[in-house]
Amino acid sequence: MQTSLKIAVVGSGLVGSLLAIYLKKAGHTVHVYDRSPDIRKINFSGRSINLAMSNRGWKALDAVGVGDSVREIAIPMDKRAIHLVDKLNFQNYGQEGESIYSISRGKLNRKMIDLAEEAGAEFHFEQKVWDVTLSEATLHIGESERGEWEERKFDMVFGADGAFSRIRHRMQRQSMFNYSQEFLNMGYKELNIPANADGTHKLDKNSFHIWPRGEYMLIALPNLDGSFTCTLFMPFEGQNSFESLTDRKMVEDFFEKNFPDSIEVIPELANDFFKNPTSTLVTMKCFPWTYEDKIALIGDACHAIVPFYGQGMNAGFEDITVLNEMMEKFGNDWKKIFSEYQISRKPNADAIAELSYRNFMEMSTKTADEKFLLQKKIEKVFSDKHPDKWIPLYSRVTFSDRPYAEALAIGDFQNEIMEEVLRLDNIENIWNTEQVENKILELLSK
């Protein structure tokens, strides 16, 4: 237990709620502020991508005893189901028994707020934080940005308020604060596959479903009620884009041509397409993440990433794991805690941002590419035989808690090896032979 402080967490999302649990268990008084209404009292739909919980996320949840509560609302996915135009392929994720877990964002957020309240955190909804006095950890709250503000003084403030954080906005006005944001020229839109009449799933429920089509793709993740949350990723403008689909017939014709096996399972396709918003995808980087021993950013507020590795939430939860390790190591020295936290996490946040960007190319294009599929088969055979010498990149990121930066560096090295292996004569026929195994061993020893 630390010396008790009065701490504000700005943002009642997944990271803010879990952070509140950790801070309460460390002995602090915790107030969580959010500008939105209580998510438990409103419908949450229309702009979501289901979450994919993996090892890093479970580690953070289990460490404060809430993992099993979350497992009750999670569905394991042990493979990708790759929907080509004319056939369906399956690709296992990791070793036997390894899965990522599909969870509804709304369901998990409600659960996390409940768990944080049970731990003793106090939530304040519909409280708009417009500014913070960094040196005094004072929040400025009011109805509008130009109206009257009320001051709330704390010992410390955490900004867990997402990619467009108001806390970071104030920190950006310091000198020597580095900041960048980059939007993809594509967005996403939520669609829905309802359950069968008997409540069962229309597609395999233990798969992450992908319809890879190059510049655009469709994904679907299972929900407990038998439905799937689908997400269509497309460019905003151009030939095959959100801009180009302007009426019901165009949408239906586009799906009929490009995602033919999805038509019969998405009955409200056109309605959902025009009803649900088109959302943006942004990568945001900044540094520093902290101010003295008063202010710290966490989660998307300091490292928003695109969703193509399913690691946004997992990376945010791992921030909390690392912060907690520093709290245990340095006691009440919050300047040291904050300094070590940001130094430890920054390279890994940058690495997962890069990996997430690259994984879009893998999901949208390479999963339909014969050479890529052959590479995956070779890697699987070799790693099964030599697990001490080769852990595939996806497993390093998803089924491990080793640093993201390490996964990126080793993944690049492994890819160089595989490029050389794939150039071997007749590789399509000799891929599962001693010759190929020895070649990989030789390249690894260089």
Side-chain angles (χ1 to χ4, degrees), residues 9-11 13-16 19 35 47 49 56 129-132 134 145 157-188 215 233-238 277-292 294-320 322-323 338-364 393 397 403-409 411-412:
V9 176
V10 180
L14 304 172
V15 171
L19 176 61
R35 60 181 44 227
R47 51 182 312 133
I49 303 168
R56 297 167 201 271
V129 174
W130 296 106
D131 205 352
V132 58
L134 301 178
E145 191 164 12
V157 170
F158 283 91
D161 48 342
F164 305 105
S165 165
R166 295 298 301 195
I167 305 302
R168 188 192 66 244
H169 184 66
R170 165 52 65 187
M171 291 176 71
Q172 282 169 224
R173 296 183 227 175
Q174 304 171 80
S175 64
M176 304 299 287
F177 187 95
N178 293 312
Y179 169 78
S180 70
Q181 70 176 24
E182 184 177 356
F183 286 90
L184 288 187
N185 64 356
M186 65 160 40
Y188 68 91
E215 290 183 354
F233 296 95
M234 286 182 81
F236 288 107
E237 301 170 340
T278 304
S279 302
T280 57
L281 296 163
V282 66
T283 299
M284 191 284 301
K285 298 178 181 179
C286 69
F287 199 80
W289 295 1
T290 65
Y291 179 87
E292 297 180 352
K294 294 293 184 184
I295 313 288
L297 302 172
I298 197 158
D300 282 359
C302 45
H303 55 77
I305 60 176
V306 293
F308 303 114
Y309 228 116
Q311 286 294 305
M313 168 191 60
N314 291 288
F317 282 5
E318 191 172 60
D319 289 350
I320 300 171
V322 171
L323 178 73
F338 280 178
S339 173
E340 293 298 313
Y341 153 71
Q342 66 179 0
I343 289 167
S344 170
R345 288 304 286 159
K346 173 62 174 167
N348 293 304
D350 288 349
I352 193 56
E354 173 64 22
L355 287 164
S356 298
Y357 185 78
R358 289 185 193 179
N359 212 44
F360 170 67
M361 298 310 299
E362 178 170 316
M363 289 172 69
S364 65
L393 174 60
V397 171
Y404 288 127
E406 177 185 282
L408 177 61
D412 284 347

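When a residue number appears, it is its place in the shown sequence, counting from 1.
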Checklist outcome for this item: Ala405 and Asn348 have their tightest heavy-atom pair at N-OD1, 2.9 Å

Next on the checklist: Between Arg56 and Val397 (side chain of the first, backbone of the second, donor and acceptor by atom type, cut-off under 3.5 Å), is there such a pair?
Outcome noted: yes

Item to check | Carboxylate-amine/guanidinium contact Arg166 Glu145, below 4.0 Å | outcome: yes

Checklist entry - Are Tyr357 and Leu184 close enough that some pair of their side-chain heavy atoms sits under 4.5 Å apart? => result yes

Item to check | Under 3.5 Å: donor-acceptor pair, side chain of Arg168, backbone of Ala301 | outcome: yes

Checklist entry - What are the two closest non-hydrogen atoms of Ile320 and Val15, and how far apart are they? => result CD1-O, 3.5 Å

Checklist entry - Hey, does Arg358 have a side-chain heavy atom less than 4.5 Å from the side chain of Leu408? => result yes

Checklist entry - Is there a donor-acceptor pair closer than 3.5 Å between any side-chain N or O of Lys285 and the backbone N or O of Ile305? => result no

Next on the checklist: I'd like to know if the side chain of Asp319 reaches the main chain of Ile298, judged simply by a donor and an acceptor atom lying under 3.5 Å from each other, with no hydrogens or angles considered.
Outcome noted: no

Please set out all donor-acceptor pairs under 3.5 angstrom arising from side-chain atoms of residues 174-182, sequence neighbours excluded.
from   : atom 1 : to     : atom 2 : distance (Å)
Gln174 : NE2    : Met171 : O      : 3.0
Tyr179 : OH     : Gln181 : OE1    : 2.6

Checklist entry - Taking the six-membered ring where the residue is Trp, are the ring centres of Phe360 and Phe233 under 6.0 Å apart? => result no

Next on the checklist: Tell me if a side-chain donor or acceptor on Ser356 pairs with a main-chain N or O of Ile352 at a distance below 3.5 Å.
Outcome noted: yes

Checklist entry - Do you know the tightest heavy-atom contact between Glu215 and Met186? => result O-CE, 3.2 Å

Item to check | Distance-minimising heavy-atom pair for Ala163 and Val282 | outcome: CB-CG1, 4.2 Å

Item to check | Interatomic distance, Leu297 atom CG to Phe287 atom CZ [nearest 0.5 angstrom] | outcome: 11.0 Å

Next on the checklist: With a 6.0 Å cut-off (strictly less than), is the heavy-atom count around CZ of Phe236, excluding the residue itself, greater than 12?
Outcome noted: yes

Checklist entry - Do the side chains of Gln342 and Phe338 get nearer than 4.5 Å, heavy atoms only? => result no

Checklist entry - Do Glu354 and Tyr404 come within less than 4.5 Å of each other through their side chains, counting heavy atoms only? => result no

Checklist entry - Nearest heavy-atom pair of Thr283 and Ala353: which atoms, and what distance? => result CG2-CB, 4.1 Å

Checklist entry - Is the backbone N or O of Gly11 less than 3.5 Å from a side-chain atom of Asp161, with the two atoms forming a donor-acceptor pair by type? => result no

Next on the checklist: Just so I know, are the side chains of Tyr309 and Asn314 near enough to count as touching, which here means a heavy-atom distance under 4.5 Å?
Outcome noted: no

Item to check | Residue of the set His169, Arg170, Arg35 for which side-chain contact (heavy atoms from CB on, under 4.5 Å) holds with Trp130 | outcome: Arg35

Next on the checklist: Tell me the closest heavy-atom pair linking Ala160 and Gly16, and the distance in Å.
Outcome noted: CB-CA, 3.8 Å

Checklist entry - Going by heavy atoms in the side chains, are Phe158 and Leu323 under 4.5 Å from each other? => result yes

Next on the checklist: Would you compute the distance between atom CG of Asn185 and atom CG of Leu281 and round it to the nearest 0.5 angstrom?
Outcome noted: 10.0 Å

